[in-house]
Amino acid sequence: MIKGLLSSGLITLSENIIDNFRHLVQTYGFIPNGIRTYYLNRSQPPLYSEMVSFVWEATQDVSILSKHLPAILLEHAYWTSPPKQVVAVGPGVQRFNVSRYYARWQQPRPESYIEDVETAQKAGLPTDPPDADTQQLYRDLASGAESGWDYSTRWFANNMNLTTIRTTKVLPADLNGFLLQMEQNIADFAGTLGCTALQQQYQQLADNRRDALNTLFWSNEDSQWHDLICTPAGVDGNLGGLPEEQAVSDGIVTRVCNVQRNTGAFASNWVPLWAGAVPAGSPQALAAVQALNDSGLLGVGGVAMSLTETGQQWDWPNVWPPNDWIIIDAFKRFGGAAGDALAREIAQRFLSTVYATYLETGRMYEKFNVEQIGIPGGGGEYEVVDGFGWTNGASLDLMQRFGFSPTY
Ligand SMILES: OC[C@H]1O[C@H](O[C@H]2O[C@H](CO)[C@@H](O)[C@H](O)[C@H]2O)[C@H](O)[C@@H](O)[C@@H]1O
């Protein structure tokens, strides 16, 4: 959305928006999932530092960096402390600090209370009163909402069914890409401000996360960064007399996980490319571009979120503007000539469906359909929403960068 505002010349408005986020981080330590009290148990995906970077790039006003850096450091601490941070142990016994979505909440989401109780009932779990398994299900549902991907087969143990959701056992490729980007941004901002020790400290953290992404998440078989599934192997530290689950959720201990890759193709598997996990034009970057071409996710309306049709809104056949924008931007900046060509192609497909849907309905929708241009997406817990900021933002930025000629 910030990209759309900047491409419309709305610089002061963009500065005010990131100022609001700064206030939220300074007040709560993170950016809540929404600005309502019942969202205080979970965050948004961490994109604040990148928004600051966009505004800095547009204004070249160095005071923006000094103003926001302390809050970005606070947000980084939130995402890299337990229970969000875990130690992932790969096959070669290498250990890496990586992060996951984890809501501090084990009740039905107040905004979707009935839906969550019904999911527990469908899973055959007791709801009145709930037992520990029911509470874990509620936490996994809230953590799925924290990811923005509510809901998707990405989080399901059996691939099809929401009742098997296990978000807190997934170490997501996109989240760890966003954190790499945050760490690199902090290092770069600190360098610009002349804070050499801070720059070195965060450059090291960025290098470590890059290493984790390219060692654990990257697959040479299909050239993309997959989510990891975490199998608990124990915990580090003293439980303080609490049951393990309580100690982890209170942030007293760090969970240690043995990991295996989720082999599924999801649009989130290319976020690490966007975050700079590999150099522009490198063989790995070019292979990742080709991998999207081969994945089956590409359709006439853009890139679908997954290949599985579950009826959930972050699965086939839905196209979500922020993720399509990320893939297009990643391919343009990192994918060499083939990446540039595919970025243009996806941008045209995405803009074609946004435009056709607008002509048909007079509205801008939050999501679209990958198989057919001119219709909004569907599925999930609610009727598709219109008027959407991220669709307007992505469309404005893409039209400005690539142009657009209606082809439908
Ligand atoms: O009220 C249900 C959910 O509403 C929000 O999520 C919805 O909007 C998000 C974008 O703003 C989108 O990523 C998500 O898929 C939509 O369901 C809220 O973020 C959720 O926490 C809330 O449960």
Side-chain angles (χ1 to χ4, degrees), residues 1-5 17 20-21 24 28 30-48 50-51 84 100-120 137-156 162 165 167-168 170 172 174-175 177-178 266-268 271 302-306 308-327 363-370 376-395:
M1 209 176 89
I2 290 279
K3 274 284 184 186
L5 295 175
I17 288 173
N20 282 342
F21 288 137
L24 287 169
Y28 301 109
F30 63 99
I31 299 177
N33 193 171
I35 316 305
R36 297 173 204 156
T37 50
Y38 59 75
Y39 283 133
L40 285 172
N41 56 70
R42 61 183 192 260
S43 175
Q44 294 273 343
L47 288 154
Y48 168 46
E50 190 63 2
M51 288 188 264
K84 300 282 204 220
R100 60 177 168 170
Y101 292 108
Y102 192 104
R104 287 178 183 267
W105 187 254
Q106 36 186 0
Q107 299 172 48
R109 289 166 299 152
E111 76 280 14
S112 301
Y113 194 94
I114 300 291
E115 288 84 350
D116 287 0
V117 170
E118 284 174 356
T119 302
L137 175 74
Y138 291 150
R139 190 193 298 291
D140 283 311
L141 288 165
S143 303
E146 180 175 57
S147 78
W149 281 56
D150 47 315
Y151 290 102
S152 167
T153 185
R154 268 182 88 187
W155 314 125
F156 303 165
L162 182 62
I165 191 165
T167 318
T168 58
V170 178
D174 51 356
L175 173 60
F178 297 144
F266 304 106
S268 45
V271 169
V303 179
M305 294 300 105
S306 84
T308 316
E309 192 160 5
T310 57
Q312 300 296 337
Q313 57 175 352
W314 286 83
D315 277 324
W316 184 274
N318 282 347
V319 168
W320 286 82
N323 283 78
D324 274 41
W325 183 88
I326 283 173
I327 288 173
R363 289 156 197 253
M364 300 287 276
Y365 285 90
E366 64 167 356
K367 55 186 180 257
F368 297 89
N369 184 299
V370 78
E381 292 177 344
Y382 57 86
E383 284 303 310
V384 62
V385 180
D386 59 58
F388 233 69
W390 63 29
T391 307
N392 296 308
S395 301

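Numbers for residues simply follow the sequence, beginning at 1. Both counts, for ligands and for their atoms, begin at 1 and track the order of listing.
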_Rounded distance [0.5 Å steps], CZ in Phe178 versus OG in Ser268_ = 8.5 Å
*To the nearest 0.5 Å, what is the distance between CD1 (Ile31) and CG (Leu47)?*
8.5 Å
For ligand 1, which of its N or O atoms have a protein N or O partner closer than 3.5 Å, and how long is each gap?
unit_1, atom_1, unit_2, atom_2, d
ligand 1, 13 (O), Gly148, O, 2.8
ligand 1, 15 (O), Gly148, O, 3.1
ligand 1, 15 (O), Asp150, OD1, 2.7
ligand 1, 15 (O), Gln313, NE2, 3.3
ligand 1, 15 (O), Trp314, NE1, 2.7
ligand 1, 17 (O), Asp150, OD1, 3.4
ligand 1, 17 (O), Asp150, OD2, 2.7
ligand 1, 17 (O), Gln313, NE2, 3.0
ligand 1, 17 (O), Tyr382, OH, 3.4
ligand 1, 19 (O), Asn33, ND2, 3.0
ligand 1, 21 (O), Asn33, OD1, 2.8
ligand 1, 21 (O), Arg42, NH2, 2.8
ligand 1, 23 (O), Arg109, NH1, 3.0
ligand 1, 23 (O), Glu111, OE2, 2.6

*Under the ring-ring contact (aromatic ring centres under 6.0 Å, His included) criterion, do Trp320 and Trp390 qualify, and how do the steps go?*
CA-CA 9 Å; Trp320 286 82; Trp390 63 29; 5.8 Å; yes
*What distance do Asp150 atom CG and Leu141 atom CG have between them, rounded to the nearest 0.5 Å?*
9.5 Å
_Among Arg42, Arg109, Lys84, which residue satisfies the salt bridge (Lys or Arg N to Asp or Glu O under 4.0 Å) criterion with Glu146?_
Lys84
*Measure from NZ or CZ of Arg154 to the centre of the six-membered ring of Trp314, then state whether that distance is under 6.0 Å and the direction lies within 45° of the axis.*
no
